[in-house]
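All values derive from a computational prediction rather than experimental measurement.
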Amino acid sequence: MTFRAVIAGLFGGLLVLSGLFFFKHYFYGDKAILAPSATQDAKTAEVAQSIYPSMEADWALHKIEAPLAEYMEEVDEEELISVVLIMDRQISNEEKARLFDRIDETERAQKSDEKRRTLINDLKRISRADQSLIANYLHDLESAQVVAQVRPLWIVNVIGVKAPKDIIRRLTAFRNIDSIHLDIPRPVKGANAWGVDQVRADQVWNLAPTGYTGDGVIVGILDTGVDYNHSDLSDRMWINTAEDIDGDMTFTAADNNGIDDDGNGFIDDVIGWNFSGTGNNDPIDAQGHGTHVAGTVAGDGTGGTITGVAPAAQIMALRESNTIALSTEQECWAGMQYALDNGADIVNFSSGWLDSWFPAYNTWRTAVNNLMDGGVLFVTIAHNDSNTTGSPNNVRTPGRVPLAVTVGATDNADAIGLFSNNGPVTWQTVAPSFDYPWPPGLLKPDVTAPGVDVNSTVLGGGYSGDTWNGTSMAAPHAAGVAALLLEKDPTLSPYELKFLLEETALELGAAGPDNVYGWGRVDALDAANYVIDSTNYDLSVTGTSAVWANSDIWVDNDDDGSPDTPVALTNNHLYARIRNTGGEVVSNVEVKFYYADVSTLGISGFDPNGDGDPADGNFTYIGSYRVPTLGPAGSDHAEAIALANWSIPVPTGDHWCVGIGIVADSPPNTVEVDTSNNSGFKNFFNIITSSSTFAFNIQPLPQNLSAPFGVEILKRNLPQEAIVELIVDKNYEERLFARNEGFSRVKEPLLNDSMKPMGEEYFKVLENEIPDARYRIDSDRAVLRQIVSPKGEPFPVKLLVTIPEEVKAHEEMTIIINTIDMEGRAIGGIGLNVIH
């Protein structure tokens with residue numbers, strides 16, 4: 001072990017021995033380093049002891065992700081490695097919902113601004129609480145030149161740093177660090193685009209009586225920087241007026257007063273920020289890529305050619321690449337964070353990470369979700385690898401993020417660019433998401449846009465001519481269209497913008513959305529003319545046939561479109577179709593899948609609290625699938641199909657039912673008023689006529705086990721000749737049948753005197769010995785009322801169906817058994833497919 005490593009180990013040990021001790025200096029090689037300072041009160045000591053490394057710590061080296069561990073083996077001890085410390089706490093959708101619930105119903109635009117401020121404040125609060133002591137520790141090491149470029153972020157709860165191997169190992173002992181991620185610069189850029197006329201942006205500029213050019217909309221260009229001196233971009237730059245010292249609405253040397261005039265943590269950030277390396281306030285383009293992207297969004301034609309889809313939009317320059325277009329993930333997250341905190345409406349990010357570089361998938365997903373929930377549309381690319389990686393891994397990160405608007409590239413004849421990556425994508429192996437199983441995976445790209453032989457602004461002035469190719473140039477076309485829509489209606493949420501881009505896209509390729517063109521090529525004119533109904537959304541998983549034969553829930557293990565029978569100990573593909581029958585766009589809808597073995601379910605517990613989610617019933621959770629966008633009723637987005645992998649363990653029986661619940665988080669949505677149709681159920685079990693009985697329990701209401709309740713039995717599609725009988729223990733007969741409708745007591749078949757030529761006394765004895773009573777269901781509905789179980793215990797019963805062999809049976813014969821409350825409302829139940 002090196003002297004450096006020994007001293008670093010002693011530092012951790014001195015912090016906690018029998019108690020917690022604070023000291024001012026320790027030695028690291030030949031450098032004296034100031035240790036973290038803290039007040040001596042008990043609370044600070046408690047917090048510090050909970051997160052600082054101790055000599056007794058069991059080194060948590062498993063926190064070092066595999067690519068970083070391999071990289072560390074290849075470099076010298078002294079080399080500084082760029083890493084990201086990912087904290088173990090990220091804000092959840094439930095926490096966001098609680099935050100936004102406190103916001104009063106005000107004007108939509110005002111409410112949107114308040115949501116953004118509220119979310120930002122809470123993200124900052126969480127990161128300060130989790131990161132402060134670790135950040136202090138790293139800043140002290142940075143001051144001593146042991147580590148470099150310490151970058152705490154709050155859009156995702158992470159800290160970036162360049163550190164030597166022994167410090168990285170030491171960091172694993174901080175208890176609230178979940179993992180340490182390798183974040184070395186990668187060549188993530190692609191090439192660029194052309195087609196203002198192709199997307200019909202010019203027709204939106206000239207709409208009567210009011211045209212739209214993106215005026216007042218701020219688009220963050222997260223890229224290699226922007227040539228803000230270009231004639232077509234100089235008047236299009238966003239100006240941070242508090243830092244524009246001379247008030248000339250341009251970025252000049254006179255603005256560099258060395259003071260953070262607006263208090264946002266960045267000094268002299270007049271037009272944005274350069275996040276590459278150590279960072280500075282000059283986001284000038286060092287490579288040309290970002291200038292071309294910016295010109296496609298907002299080039300105003302001063303030099304002779306209008307290249308911008310939204311030529312009156314404002315460009316916030318967010319440079320995240322060094323001079324050779326290499327980027328780290330934390331630089332990009334820092335740019336997204338700046339955009340959220342400083343008023344951007346859209347972020348265009350024409351970059352992406354290959355799977356072979358092991359990007360921080362879930363951190364990207366969290367960053368994009370937080371950006372969108374905060375009111376900023378995130379537009380990115382599918383990338384230009386010509387599908388060489390193979391499905392489902394062609395689309396790069398963050399293009400694979402479900403909520404991102406991911407864009408592919410087309411040419412001037414609307415043919416797909418040969419380089420443009422196809423979907424689908426999957427998250428089935430990414431913890432903790434484990435969703436979008438493949439096949440079929442998640443549709444990507446979402447849309448396409450002009451990206452072959454594109455003309456736009458270039459570094460140093462002038463235009464590229466029709467020469468640049470790539471999804472990098474397709475994305476800013478989509479971002480520009482979104483800017484036009486936001487000028488027309490500034491209250492549109494990022495999710496509504498995503499819907500409009502997809503819903504109104506010109507369909508190309510195979511019918512319907514596909515993994516080559518997505519929903520089609522963006523069309524600014526159709527998007528601007530589309531009106532979203534303001535009526536509340538209404539989610540539904542209601543089947544198109546009887547509920548227990550629900551055609552909206554099915555198993556298809558070979559994904560050929562034909563339903564299959566579920567098989568235990570097999571990875572079944574469980575599908576569900578959901579709908580929006582209302583007017584609003586609803587996004588990020590979580591479809592929850594559950595199943596139950598009937599022996600554990602009885603006939604109650606589907607959704608006892610009536611919130612549309614069977615989670616509170618007697619079901620086992622399978623998994624979730626999030627639908628990125630569900631459009632209004634009548635739109636092409638009004639229906640969606642969700643999928644979960646259902647691995648059925650060996651059951652106590654062989655009768656399963658599946659429950660589906662739909663939850664729409666707030667944010668990003670409003671609150672759904674009616675959740676009564678947000679759940680659906682499907683039975684995957686049968687009763688074979690004349691040869692088997694189905695045993696189940698009649699159970700009290702789960703909310704109040706001693707309360708009176710009822711049971712209804714419904715026959716669906718059974719022939720008139722069918723005999724359905726309920727067989728009950730005579731000990732429970734009086735309590736169950738005290739008040740009944742549609743039942744008639746029948747003689748036990750063993751008491752048929754034509755079968756047994758025995759005397760009368762024999763039948764009396766036999767009748768007393770038979771433990772069960774039999775009741776025939778005389779009509780299509782029979783009801784037991786006012787059932788009471790004083791101790792909340794279930795009543796075991798059996799069901800028997802008999803159909804004469806010569807009778808032709810219906811294909812969809814079903815018996816439904818529901819628990820009902822005193823008002824006759826079904827609380828839960830089971831269904832049986834009748835097999836003849």
Side-chain angles (χ1 to χ4, degrees), residues 5 8 53 59-88 90 131 134-135 137-138 141-142 146-153 155-174 176-189 222 275-279 320-322 324-337 349 351-368 383 389 393 396-401 427 429-433:
W59 298 109
L61 296 180
H62 65 275
K63 294 182 179 181
I64 297 176
E65 295 179 359
L68 173 57
E70 294 173 7
Y71 189 86
M72 289 169 65
E73 292 179 359
E74 300 171 359
V75 300
D76 296 334
E77 289 290 328
E78 306 295 322
E79 181 171 332
L80 297 184
I81 305 170
S82 180
V83 297
V84 174
L85 313 178
I86 301 175
M87 301 295 114
D88 61 4
Q90 304 291 338
Q131 298 177 17
I134 301 173
Y137 169 45
L138 291 174
L141 294 179
E142 186 177 32
V146 176
V147 303
Q149 294 182 22
V150 178
R151 179 187 278 125
L153 297 175
I155 191 169
V156 279
N157 193 4
V158 303
I159 303 174
V161 65
K162 286 187 173 181
K165 292 193 288 187
D166 50 345
I167 291 296
I168 291 173
R169 297 187 191 102
R170 168 66 49 184
L171 288 167
T172 64
F174 284 81
N176 59 346
I177 293 177
D178 179 73
S179 59
I180 304 181
H181 173 74
L182 178 66
D183 188 28
I184 58 177
R186 300 290 191 180
V188 297
K189 295 293 172 282
L222 186 57
F275 294 93
S276 65
T278 55
E320 42 75 17
S321 296
N322 65 16
I324 53 173
L326 296 174
S327 303
T328 65
E329 294 170 88
Q330 60 184 283
E331 289 167 349
C332 300
W333 300 331
M336 294 163 69
Q337 177 175 292
F349 182 60
S351 301
W353 268 253
L354 287 166
D355 280 3
S356 60
W357 297 336
F358 301 101
Y361 298 109
N362 267 303
T363 306
W364 274 108
R365 189 164 170 174
T366 300
V368 172
H383 228 282
T389 306
N393 300 312
R396 294 194 187 188
T397 302
R400 67 185 292 140
V401 171
W427 289 74
T429 61
V430 180
S433 302

4.5 Å side-chain heavy-atom contact, [X] and [Y]:
X    : Y    : answer
V83  : D183 : no
M87  : V156 : no
I155 : T366 : no
R186 : W357 : yes
T328 : I184 : no

| query | After noting the C-alpha distance and the side-chain angles of I159 and L153, does the key distance pass the side chain to side chain contact (heavy atoms under 4.5 Å, CB included) rule? | reply | CA-CA 6 Å; I159 303 174; L153 297 175; over 6 Å; no
| query | Strictly under 6.0 Å, is that where the ring centroids of F349 and W364 end up? | reply |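 That pair passes the under 6.0 Å test.
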| Just checking, any donor-acceptor pair under 3.5 angstrom between side chains of R365 and S433? |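 Yes, because at least one side-chain N or O of R365 sits under 3.5 Å from a partner of the opposite role on S433.
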| said: Is a donor from one side chain sitting under 3.5 angstrom from an acceptor on the other, for S321 and S276? | reply: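 The answer is no; no qualifying pair exists.
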| Can a salt bridge be assigned to the pair D355 and R400 using a cut-off of 4.0 Å between side-chain N and carboxylate O? |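 Answer for the salt bridge query: yes.
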| message | Using side chain to side chain contact (heavy atoms under 4.5 Å, CB included), reason through V84 and E329 one step at a time and then give a plain yes or no. | response | CA-CA 9 Å; V84 174; E329 294 170 88; 5.5 Å; no
Approximate separation, where rounding is to 0.5 Å, of [X] [atom1] and [Y] [atom2]:
X    : Y    : atom1 : atom2 : value
Q131 : L85  : CD    : CG    : 8.5 Å
Y137 : L171 : OH    : CG    : 5.5 Å
Q330 : E320 : CD    : CD    : 12.0 Å
M72  : L61  : CE    : CG    : 8.0 Å
S82  : Y71  : OG    : OH    : 9.0 Å
I64  : T172 : CD1   : OG1   : 5.5 Å

Grab the two heavy atoms, one from [X] and one from [Y], that are nearest each other, plus how far apart they are.
X    : Y    : result
W333 : A367 : CD1-CB, 4.2 Å
A135 : P152 : CB-CG, 4.3 Å
K63  : F174 : NZ-O, 2.9 Å
E77  : P164 : O-CB, 3.5 Å
I86  : H181 : CD1-CB, 4.0 Å
F275 : R151 : O-NH2, 2.7 Å

| task | Measure up the W427 and Y361 rings against each other and bin them: parallel (under 30°), tilted (30 to 60°), perpendicular (over 60°). | result |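 Perpendicular, since the angle between the ring planes exceeds 60°.
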| said: Please determine whether side chain to side chain contact (heavy atoms under 4.5 Å, CB included) holds for the pair V161 and I168, giving the CA-CA distance in whole Å, both sets of side-chain angles, and the decisive distance to 0.1 Å. | reply: CA-CA 10 Å; V161 65; I168 291 173; over 6 Å; no
| task | Start with the C-alpha distance between I81 and K165, add both sets of side-chain angles, then the distance that settles side chain to side chain contact (heavy atoms under 4.5 Å, CB included), and finish with yes or no. | result | CA-CA 7 Å; I81 305 170; K165 292 193 288 187; 3.8 Å; yes
